[in-house]
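Taking it in order: structure first as C-alpha cells, then the write-up.
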Amino acid sequence: MANELTIPLLPCRSIDEIAPFYEMLGFEITSRQDRPYSHLAVRREDFNLHFFGMDGYDPAQSYSTCLVVVEDTSELFEAFAAGMRAVHGKLLVSGIPRMTRPRLRNDRYTGFTVVDPGGNWIRINQAAKEPEARTKLAKAMENAARQADSHGDERQGLKILEGALKRATGDEPEYQAAREYRDELVERVNGAAHRGA
C-alpha cells in the first residue's frame, strides 16, 4: 500500500479550548461536531490533528502525544511563536498550554514541543538525523532538553544545565543559548511551583 494517511485522535477537556489555540497557531478548523460526542479536526497544510472531548479529563495528567516530522523545524516554530505573540503578547513557555523552543546544535535547530490546552504533547522533529553535540555544554543542553522538554522534568533539566554552566568557560558557541535556556527553565519551574504543581 502507498499514500496512507495517519491522523492522531487526541483527548481534551473541551474542544472549545482546543479550537482557538490551534487557530492561533495558524490551523484551520476542517470539522467540528458537538453531538452526540464532541470532535474537532484541524489542519495546517498537511499537518492534521483530531480531538475528542472527554468528561472529567485532566490535562495535567495527560500522556497523549504524537510526533510530527518536518523538513525545517525553525520555520514552523517561528510561525507558531508569531501566533502566540499576537494573541498573548509573549511565547508561552510554562504551564498548559506552552511551547518549548528549538535548541541550536552545531548550527542546526533541533525539534520543539507544543503542549496544547488538552495537555497533549505535539512533538515537532526534523526529518534528518540531528547532529551529535560537539562540546560538553552542548551535550548538557541536549540532556537538559531531553529531561525538561521531552520528559517534562524541568527541575532535572535545570539541574543539569546549571551544573554545566558552572563548569563552562563562557567561550563555548552555545554559551548564550544555554544561559537563555536556563532562564526559561527557571521560569517554568517557578511557574509550576506557583501553580502548586
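With hydrophobic clusters built from ILVMFWY side chains whose heavy atoms lie under 4.5 angstrom apart, Val87 shares a cluster with Val42. Trp121 is not connected to Phe52 by any chain of hydrophobic side-chain contacts under 4.5 Å among Ile, Leu, Val, Met, Phe, Trp and Tyr, and they are in different clusters. No single ILVMFWY cluster, assembled from side-chain heavy atoms under 4.5 Å apart, contains both Ile15 and Leu9. Taken together through direct or relayed side-chain contacts under 4.5 Å among Ile, Leu, Val, Met, Phe, Trp and Tyr, Met24 and Leu76 form part of one hydrophobic cluster.
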Go through it in stages, so that I can follow the logic: the residues are Met99 and Val115, the test is side-chain contact (heavy atoms from CB on, under 4.5 Å), and I'd like the CA-CA distance, side-chain angles, deciding distance and then a yes or no. CA-CA 6 Å; Met99 183 167 69; Val115 180; over 6 Å; no
Checking Thr169 against Tyr175 for the side-chain contact (heavy atoms from CB on, under 4.5 Å) test, could you report, in this order, the C-alpha distance in whole Å, the side-chain angles of both residues, the deciding distance, and whether it holds? CA-CA 9 Å; Thr169 64; Tyr175 184 77; over 6 Å; no
I would like to know whether Arg32 and Asp16 meet salt bridge (Lys or Arg N to Asp or Glu O under 4.0 Å); could you show each step before the answer? CA-CA 10 Å; Arg32 182 186 175 119; Asp16 292 331; 2.2 Å; yes
Derivation of the salt bridge (Lys or Arg N to Asp or Glu O under 4.0 Å) call for Glu17 and Arg13: CA-CA 8 Å; Glu17 294 175 333; Arg13 185 170 38 210; 3.3 Å; yes
Using side-chain contact (heavy atoms from CB on, under 4.5 Å), reason through Leu161 and Met141 one step at a time and then give a plain yes or no. CA-CA 6 Å; Leu161 199 51; Met141 285 182 64; 3.7 Å; yes
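With Phe51 as the partner, the ring pair (Phe, Tyr, Trp, His ring centres under 6.0 Å) test is satisfied by one option alone out of Tyr22, Tyr57, Phe21: Tyr22.
Two residues are said to be in side-chain contact when any heavy atoms from C-beta on lie closer than 4.5 Å; Thr100 and Val93 fail this criterion. Two residues are said to be in side-chain contact when any heavy atoms from C-beta on lie closer than 4.5 Å; Leu165 and Arg179 meet this criterion.
Atom-to-atom distance recorded for Glu174:CD and Leu137:CG is 5.0 Å, nearest 0.5 angstrom. Going from atom CZ of Phe77 over to atom CE of Met84 covers 8.5 Å, rounded to the nearest 0.5 Å. Note that CD of Glu154 is 15.5 Å distant from NZ of Lys159, once rounded to the nearest 0.5 Å. Here the CG-CD1 distance, from Leu10 to Ile122, works out to 5.0 Å after rounding to the nearest 0.5 Å. Note that the CG atom of Asp116 and the SG atom of Cys12 stand 8.0 Å from one another [nearest 0.5 Å]. In this structure, CD1 in Ile124 is found 12.0 Å from CG in Asp72, a value given to the nearest 0.5 Å.
When all heavy atoms of Leu49 and Pro8 are compared, the closest pair comes out as CD2-CG, 3.7 Å. Closest of all the heavy-atom pairs between Asp46 and Asn48 is O-ND2, 3.3 Å. Nearest heavy atoms, Pro117 versus Ile18: CD-CD1, 4.1 Å. Closest heavy-atom contact between Ala140 and Ile160: O-CG2, 3.6 Å. For the pair Ile29 and Ala19, the tightest heavy-atom approach, listed with the atom from each and the gap, is CD1-CB, 3.8 Å. Taking each heavy atom of Arg188 and Tyr181 in turn, the nearest pair found is NH1-CE1, 4.2 Å.
Ring orientation note: the planes of Phe80 and Phe27 are tilted relative to one another, at an angle of 30° to 60°. Between His39 and His50, the ring planes are perpendicular. Angles over 60° get that label, and only those under 30° would be called parallel.
Put simply, the side chain of Thr113 never gets that close to the backbone of Arg123: no donor and acceptor are under 3.5 Å apart. Between the side chain of Arg44 and the main chain of Leu25, a donor-acceptor pair closer than 3.5 Å is present. For Arg167 (side chain) and Gly163 (main-chain N/O), a donor-acceptor pair under 3.5 Å exists by modelled atom type. Remark: the backbone N or O of Gly170 is paired with a side-chain donor or acceptor of Glu172 at under 3.5 angstrom. Checking side-chain atoms of Asn120 against main-chain N and O of Pro11 turns up a donor-acceptor pair under 3.5 Å. Between the side chain of Thr73 and the backbone N or O of Gly111, no donor-acceptor pair lies under 3.5 Å.
Remark: Arg146 does not engage Asp153 in a salt bridge, criterion side-chain N to carboxylate O under 4.0 Å. A salt bridge links Arg101 and Glu184; the closest N-O separation between the charged side-chain nitrogens and carboxylate oxygens is under 4.0 Å.
Annotation: Glu75, atom CD; neighbour count of heavy atoms from other residues, nucleotides and ligands within 6.0 Å does not exceed 12. Heavy atoms from other residues, nucleotides or ligands lying under 6.0 Å from CG of Asp55 number 12 at most.
Under the 3.5 Å distance criterion, with hydrogens and angles disregarded, no donor-acceptor pair is assigned to the side chains of Gln33 and Ser38.
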